[in-house]
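Encoded as structure tokens, the structure appears first; notes follow it.
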There are 2 protein chains.
Amino acid sequence: MVLKFITRNKQTILYGISLALLLFLLKWLELRFIIIDHAFEIYIGFIALIFTGLGIWLALKLSRPRIETVVIEKEVMVEKSAGPVPDLNELEKLNLSKRELEVLQLMADGLSNQEIADRLFLSLNTIKTHSLRLFSKMDVERRTQAVDKAKKLNIIR
Amino acid sequence: MVLKFITRNKQTILYGISLALLLFLLKWLELRFIIIDHAFEIYIGFIALIFTGLGIWLALKLSRPRIETVVIEKEVMVEKSAGPVPDLNELEKLNLSKRELEVLQLMADGLSNQEIADRLFLSLNTIKTHSLRLFSKMDVERRTQAVDKAKKLNIIR
DNA sequence: ATAAAAATCACCCTTAAGTATGAATGAGGA
DNA sequence: TCCTCATTCATACTTAAGGGTGATTTTTAT
């Protein structure tokens, strides 16, 4: 019972002990500097202890428990929207060339620029230019964004 | 040995040190106010305030927050297709942690590491480590591959 | 209580990706 | 024919991503 209390409040007890030690230190310093008034020191220490306790009590009483919200997503099946294929319209709007679309598809398959270059028997620099024009036309900045957008528009598989 | 003690009781020691600083401050103020004279009530009030604050701080630091679990059901639209959903099995095989999955999802949305870090209030380095572990677990080398694979396994939307 | 796993962050280094600019070539339309 | 555009490639630069190692802290499970 007592042991359990001790283990559970280990830190608080340690705090109390260190406080005691500090008061002793203060006492020692008091002697050193010959600035006296025992009653005053003790009084102050007492006040400090009491109000620390008050603070702790206040905090424990007033603090609202942290609420962890667990969101359970309930899946609801819904028909895949937008009908069969909004492909062609969107694709033409973007005005991508054959090569650019090819590069885009390979990007979506997770290939690096070098791998795309090897696959298409092109230079790495060429792939870079294609991808830059591609990003520009699709109004994105990264291949990951391009792939995401392209998939959402259904212009690639 | 000593080092271990220090690391283990770091918090308590920090409390002790800050308390010591506080007491020194009070000592100094005491000298000041004694010279000014008859500011006793103010002094006491000051101490009371400070130690109440200290107590509150201590309590908030030391007390483990009570956690209330609130379950909210949230309906989410899901595409009907995607076949028989090999989700959970595959997902568990990969043994991804919550964070890793979160990072993966944000990668799939085309965010850069920096943007993911900002979104999750984490360091860029943290995102890097998460993504490295992720790539390792998924047996891929690039974010684009990871996203592609994850989508094929239906472990992300 | 203690071990294990998850999560966080740092530092350093290498490689890939992205940016800017310029230029040559070839096919097809005006 | 002349012009446009797609395609190809280069050089040089900046930034982001990937990779390795180690440390601390928090959470979880035993």
Side-chain angles (χ1 to χ4, degrees), chain A residues 3-4 6-11 66 68 70 92 94-104 106-148, chain B residues 3-14 61-67 69 92 94-104 106-108 110-148:
Chain A
L3 193 74
K4 200 173 182 183
I6 289 176
T7 52
R8 275 169 190 271
N9 298 280
K10 190 178 170 186
Q11 294 226 294
R66 193 197 297 165
E68 184 171 294
V70 176
E92 288 200 17
L94 290 174
N95 191 32
L96 301 184
S97 69
K98 269 173 286 180
R99 276 306 204 196
E100 285 160 357
L101 194 61
E102 250 180 309
V103 171
L104 177 58
L106 292 176
M107 275 182 178
D109 293 335
L111 301 199
S112 69
N113 285 338
Q114 186 61 62
E115 287 167 342
I116 297 173
D118 294 343
R119 182 78 63 96
L120 301 179
F121 302 104
L122 294 177
S123 156
L124 173 60
N125 288 306
T126 305
I127 305 303
K128 283 190 178 182
T129 21
H130 283 321
S131 60
L132 284 184
R133 296 167 92 55
L134 183 63
F135 297 159
S136 168
K137 286 181 183 174
M138 296 185 69
D139 193 33
V140 296
E141 293 169 315
R142 284 178 288 283
R143 67 216 281 97
T144 43
Q145 283 182 348
V147 169
D148 187 47
Chain B
L3 195 76
K4 199 173 181 184
F5 176 82
I6 289 176
T7 51
R8 273 170 193 268
N9 298 281
K10 194 176 171 185
Q11 286 211 317
T12 309
I13 290 170
L14 282 176
K61 274 284 170 186
L62 295 179
S63 72
R64 314 201 76 218
R66 282 161 288 173
I67 294 178
T69 301
E92 287 199 17
L94 290 173
N95 192 31
L96 301 183
S97 69
K98 268 174 286 180
R99 274 306 205 199
E100 286 160 356
L101 195 62
E102 250 178 309
V103 170
L104 177 58
L106 293 176
M107 275 181 179
L111 301 199
S112 69
N113 285 338
Q114 185 61 61
E115 288 167 340
I116 297 173
D118 294 342
R119 181 80 62 97
L120 301 180
F121 302 102
L122 294 177
S123 156
L124 174 59
N125 288 306
T126 305
I127 303 303
K128 284 188 178 183
T129 33
H130 282 319
S131 60
L132 284 183
R133 295 169 150 297
L134 183 62
F135 297 158
S136 167
K137 285 181 183 176
M138 295 186 70
D139 192 33
V140 296
E141 292 169 314
R142 283 178 288 283
R143 65 214 284 97
T144 43
Q145 282 182 348
V147 169
D148 186 47

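Quick caveat: nothing in here was measured; it's all calculated off a predicted structure. In the text below, chain A, chain B and the rest are named by the order of the sequence lines, each starting its count at 1.
Phosphate contact (OP1/OP2 of D:dT8, side-chain N/O of A:H130, threshold under 4.0 Å): present. Contact annotation: A:S97 side-chain N/O to D:dC5 OP1/OP2 distance is not under 4.0 Å.
By the salt bridge (Lys or Arg N to Asp or Glu O under 4.0 Å) test, B:E102 pairs with B:R99, sequence neighbours left out. Checked against salt bridge (Lys or Arg N to Asp or Glu O under 4.0 Å), B:E141 has no partners two or more places apart in sequence or in another chain. With sequence neighbours excluded, the residues forming a salt bridge (Lys or Arg N to Asp or Glu O under 4.0 Å) with B:E100 are B:K137, listed by chain and number.
Here the P atom of nucleotide C:dT21 and the CZ atom of A:R133 are 14 Å apart, to the nearest Å. With rounding to whole Å, A:E100 atom CD is found 6 Å from D:dT7 atom P. Rounded to a whole Å, the CD1 atom of A:I127 is 10 Å from the C1' atom of D:dT8. In this entry the distance linking CG of A:L122 with P of D:dA10 reads 11 Å, nearest Å. The CG-P distance, from A:D118 to C:dA16, rounds to 11 Å in whole Å. Atoms CG (A:L134) and P (C:dA17) sit 14 Å apart, rounded to a whole Å. Going from atom CZ of B:R99 over to atom C1' of C:dT8 covers 9 Å, rounded to whole Å.
Side-chain contact check for B:T144 versus A:T144: some heavy-atom pair is nearer than 4.5 Å. By the 4.5 Å heavy-atom criterion applied to side chains, B:L106 and B:E115 are not counted as neighbours. Using a 4.5 Å cut-off on side-chain heavy atoms (C-beta onward), B:F135 and B:R142 make no contact.
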Report each atom pair, protein N/O against N/O of nucleotides 27-30 of chain C, whose distance is under 3.5 angstrom.
none

Polar-atom pairs under 3.5 Å, protein N or O versus N or O of nucleotides 14-21 of chain D: list them with distances, or write none.
| residue | atom | partner | partner atom | Å |
| --- | --- | --- | --- | --- |
| D:dA17 | OP1 | B:N113 | N | 3.4 |
| D:dA17 | OP2 | B:N113 | N | 3.3 |
| D:dG18 | OP1 | B:R143 | N | 2.9 |
| D:dG18 | OP2 | B:R143 | NH1 | 3.2 |
| D:dG18 | O6 | B:K128 | NZ | 3.0 |

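Between the CG atom in B:L96 and the NE2 atom in B:H130 there is a gap of 12.0 Å [rounded to 0.5 Å].
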Let me have the donor-acceptor pairs involving side chains of residues 118-125 of chain A, under 3.5 Å, with sequence neighbours excluded, atom names and distances please.
| residue | atom | partner | partner atom | Å |
| --- | --- | --- | --- | --- |
| A:D118 | OD1 | A:Q114 | NE2 | 3.2 |
| A:S123 | OG | A:N125 | N | 3.0 |

Which is it for A:L104 and A:L101 under the side chain to side chain contact (heavy atoms under 4.5 Å, CB included) test, yes or no, and what are the steps along the way? CA-CA 5 Å; A:L104 177 58; A:L101 194 61; 4.3 Å; yes
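Counting non-hydrogen atoms under 4.0 angstrom, A:T126 reaches a base of the nucleic acid.
Closest non-hydrogen pair, B:D148 versus A:D109, comes out as OD2-O, 3.7 Å. When every heavy atom of A:S131 is checked against every heavy atom of A:M107, the shortest pair comes out as CB-CE, 3.3 Å.
Recorded end-axis angle for the helix from C:dA1-D:dT30 to C:dA30-D:dT1 stands at 50°, based on five pairs per end and rounded to 10 degrees.
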